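Keep in mind that this is a model prediction, so the values were computed, not measured. Here is the naming used below: chain letters follow the sequence lines, and residue numbers restart at 1 for every chain.
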Amino acid sequence: MEKLQALRGMADLLPEQTNLWQHIELCIRRHFTRAGISEIRTPLLEPTELFARSIGENTDVVGKEMYTFKDKGERSCTLRPEGTASIVRSAIQNGLLSQGAQKLWYCGPMFRYERPQAGRLRQFHQTGLEFLGFSHPRSDVEAISIAWDLLNDLGVQNLTLQINSLGDSEDRFRFRESLTKWLNEHLEKLDKDSQDRIEKNPLRILDTKDSATKALLKNAPLLNESLSTKSKQRFNEVKYLLEELHIPFQFNPLLVRGLDYYSHTAFEITSDQLGSQSTVCGGGRYDSLVKELGGPDTNAIGWAIGMERIVILLDKLKSIDTHKEQKIYLVNKGKEAEYFALKVTRALRLLDKIVEIDLSQAAFSKQLKRADKSGAKWAIIIGDNEAKEEKVVLKNLRSATEDSTSEKNLALNELLKLFT
RNA sequence: GCGGGCGUCGCCAAGUGGUUAAGGCAGCGGCUUGUGGCGCCGCUAUUCGGGGGUUCGAAUCCCCUCGCUCGCCCCA
């Protein structure tokens, strides 16, 4: 029979790794909470139309990466490939925006049908924030600084923040014209991919990895040259405020993000330790998306962090401290002892202690071995002799020497008092 | 969708045509019928991702297929 296994690109998170994930999630929650941002949870499955309209029909995400299928009612459904669209949909549907501006965060799985590689899975996880109803450059910087501080607090090293301004839709239209004109003049010198993209998405050519095209583009018109005075001023203010906060950044005029809804500030935080998928956090302003999805005219900015990519970076550092050294391991053997041990275990847990009970009936030596391996600090040993007198033997597994001076014979109430 | 690399026990891994497929880690059992960390002993792949072929003989050669992985595209 064929071995049953997870689908391609779908990863299990094993007990070994969930410690790190919990640590990261805790840190994320703390950072959002302390910034006054509220969590929002939306369905994993949405009408396909939502993503087609928000992300853009011509993007790769919509064009070839979505998990789309028909449900039993013949509705076209899609597993969410990103978080922003769902959140905007939810804010509109639930009238959140009529209650004022919203500061929201989310965390959860996303799905993209791509070939997996380092730092990329078909089911992956993102955490992100969305500020809906904020237009001032301050909100851009607030959003960026939260991401920056979060990543640094997690211990991610060697990060680079790159920013650019895509201007408003008029700026971009103007730029698109001049860029397309220039590209067509140099058509034969472009690589094949870039040639194909001139019609569909010329801005993305700026982001090419083809070195010949890259060199050629040094003479291409630049996006920031097409920006209106107003857009330029806005961008300058963002940069000024980042400097004021001492958040180091690089201006990257070639940074163009892949989803259609971005405008003005676009940014990326990358790491040089990730292989080719180097983006840890990406985001930007999307001032027209809410309206395009049928909501009130609402300025917005948001970003998303790829959780797996953080895990890769943090895995290299190791050593997330757990609370194992506070653990108590219950060694027990014999019928009366086993019953008594269950009671002791629960009594200790009701005092909020971390208690693991051995359920094996193996020899004491075996159980002690497991106790040691489990990382517990204390072993409580109960045999029938102890059970008869309602006593336990308490042993410190982390005392340095081989002597047994740490062993104590205690009545149950004495034990509980000791751990209170 | 397109390239490159790889598939031998739960994990790491030797073996590259010749009778029984090293070793290490983990696991289990014992030395020690009630006391761990060290040590010692024992057990754990009729089988080399799957299928077909070549051969007296294949984990080793050939073909097909599946899977993993890295990269392209694209993105977090």
(request) May I have the distance from A:Lys369 (atom NZ) to B:rG39 (atom P), rounded to whole angstrom? (result) 10 Å
(request) Starting from C1' on B:rG49, measure out to CG on A:Leu4 and report it in whole angstrom. (result) 15 Å
(request) Between B:rC73, B:rG37, B:rG27, spot the one nearest the side chain of A:Asp372, thanks. (result) B:rG37
(request) Indicate, yes or no, whether a donor-acceptor pair under 3.5 Å links the base of B:rG34 to the side chain of A:Asp384. (result) no
(request) Look through every strand shown and name the nucleotide pairing with B:rC72 as Watson-Crick or G-U wobble, where both distances are under 3.5 Å. (result) B:rG1
(message) If we ignore hydrogens and angles and just use 3.5 Å, is the side chain of A:Asn164 paired with the main-chain N or O of A:Leu255 as donor and acceptor?
(response) yes
(request) Have a look at A:Ala363 and say if it touches a base, only the backbone sugar-phosphate, or nothing, with a 4.0 Å heavy-atom cut-off. (result) sugar-phosphate
(request) Would you confirm whether A:Arg122, through its side chain, and A:Glu114, through its main-chain N or O, come within 3.5 Å as a donor-acceptor pair? (result) yes
(request) Write down the distance separating the P atoms in B:rC12 and B:rU20, rounded off to the nearest Å. (result) 28 Å
(request) Check every strand shown and say whether A:Ala371 touches a base, only sugar-phosphate, or nothing at a heavy-atom separation below 4.0 Å. (result) nothing
(message) From the set B:rG71, B:rG67, B:rG37, return the single nucleotide nearest to any side-chain atom of A:Arg115.
(response) B:rG71
(message) Suppose you measure atom C1' in B:rC25 against the same atom in B:rC9; what distance do you get, rounded to whole Å?
(response) 12 Å
(message) With rounding to the closest Å, how many angstrom separate the C1' atoms on B:rU16 and B:rU60?
(response) 5 Å
(message) What's the gap between B:rG30 and B:rG17 when it is taken at their C1' atoms, as a whole Å value?
(response) 42 Å
(request) Please check if atom CZ in A:Phe173 has more than 12 non-hydrogen atoms from other residues, nucleotides or ligands closer than 6.0 Å. (result) no
(message) I want to confirm an ordering. Mapping A:Arg8 and A:Gly275 to their closest nucleotides on RNA chain B, which one lands closer to the 5' end?
(response) A:Arg8
(message) Suppose we define a pair by two distances each less than 3.5 Å, Watson-Crick or G-U wobble; what does B:rU47 pair with here?
(response) none
(request) Please state how far atom CZ in A:Phe364 lies from atom C1' in B:rG30, giving the value in whole angstrom units. (result) 18 Å
(request) Indicate whether OP1 or OP2 belonging to B:rU69 is found under 4.0 Å from a side-chain N or O atom of A:Gln117. (result) no
(message) Can you measure A:Arg204 atom CZ to B:rC73 atom C1' for me and round it to whole angstrom units?
(response) 10 Å
(request) Mind checking A:Gln367 for me? I need base, sugar-phosphate or nothing, with any heavy atom below 4.0 Å counting as a touch. (result) nothing
(request) Select one nucleotide: of B:rG36, B:rG27, B:rG71, the one nearest the side-chain heavy atoms of A:Lys373. (result) B:rG27
(request) Give a yes or no on whether the backbone of A:Thr48 and the side-chain of A:Ser76 come within a donor-acceptor separation of less than 3.5 Å. (result) no
(message) If I pick the C1' atom on B:rG10 and the same atom on B:rU19, what distance separates them, to the nearest angstrom?
(response) 31 Å
(message) With no hydrogens and no angle check, just 3.5 Å: does a side-chain donor-acceptor pair link A:Arg370 and A:Ser360?
(response) yes
(message) Students often get this wrong, so: under 4.0 angstrom with heavy atoms, is A:Gly283 touching a base, only sugar-phosphate, or nothing?
(response) nothing
(request) For B:rA45 and B:rC61, measure between their P atoms and round to the nearest Å. (result) 26 Å
(request) Could you say whether A:Phe124 or A:Pro116 is positioned toward the 5' end of RNA chain B, judged by the nucleotide with the nearest heavy atom to each? (result) A:Pro116
(request) Flag yes if more than 12 heavy atoms outside A:Glu185 fall under 6.0 Å of its CD atom; otherwise flag no. (result) yes
(request) Look through every strand shown and name the nucleotide pairing with B:rA26 as Watson-Crick or G-U wobble, where both distances are under 3.5 Å. (result) none
(request) State whether A:Lys366 places a side-chain N or O below 4.0 Å from either non-bridging phosphate oxygen (OP1 or OP2) of B:rG36. (result) no
(message) Check this one for me: any side-chain N or O of A:Arg370 less than 4.0 Å away from OP1 or OP2 of B:rG36?
(response) no
(request) Rounded to whole angstrom, note down the C1' distance from B:rG49 over to B:rC68. (result) 10 Å
(request) Could you check how far CG of A:Leu368 sits from P of B:rU33, rounded to whole Å? (result) 14 Å
(request) May I ask you to verify if any side-chain N or O of A:Ser276 is less than 4.0 angstrom from the OP1 or OP2 atom of B:rC72? (result) yes
(message) Under 3.5 Å for both donor-acceptor distances, Watson-Crick or wobble: does B:rA14 have a partner, and if so which one?
(response) none
(message) What's the gap between B:rC48 and B:rA58 when it is taken at their C1' atoms, as a whole Å value?
(response) 11 Å
(message) Checking A:Ser276 against A:Gln117 for the side-chain hydrogen bond (donor to acceptor under 3.5 Å, both in side chains) test, could you report, in this order, the C-alpha distance in whole Å, the side-chain angles of both residues, the deciding distance, and whether it holds?
(response) CA-CA 9 Å; A:Ser276 79; A:Gln117 68 187 74; 3.1 Å; yes
(message) Heavy atoms only, 4.0 Å cut-off, all strands: where does A:Glu386 land among base, sugar-phosphate and nothing?
(response) base
(message) What contact category does A:Lys64 fall into here, base, sugar-phosphate, or nothing, at under 4.0 angstrom with non-hydrogen atoms?
(response) base
(request) Dump the intermediate steps for side-chain hydrogen bond (donor to acceptor under 3.5 Å, both in side chains) on A:Thr84 and A:Glu130, then the final yes or no. (result) CA-CA 7 Å; A:Thr84 303; A:Glu130 312 291 349; 2.8 Å; yes
(message) How many whole angstroms separate atom CD of A:Glu65 from atom C1' of B:rC73?
(response) 9 Å
(request) Under 4.0 Å between any heavy atoms, over every strand shown, what does A:Arg120 touch: base, sugar-phosphate, or nothing? Just pick one. (result) base
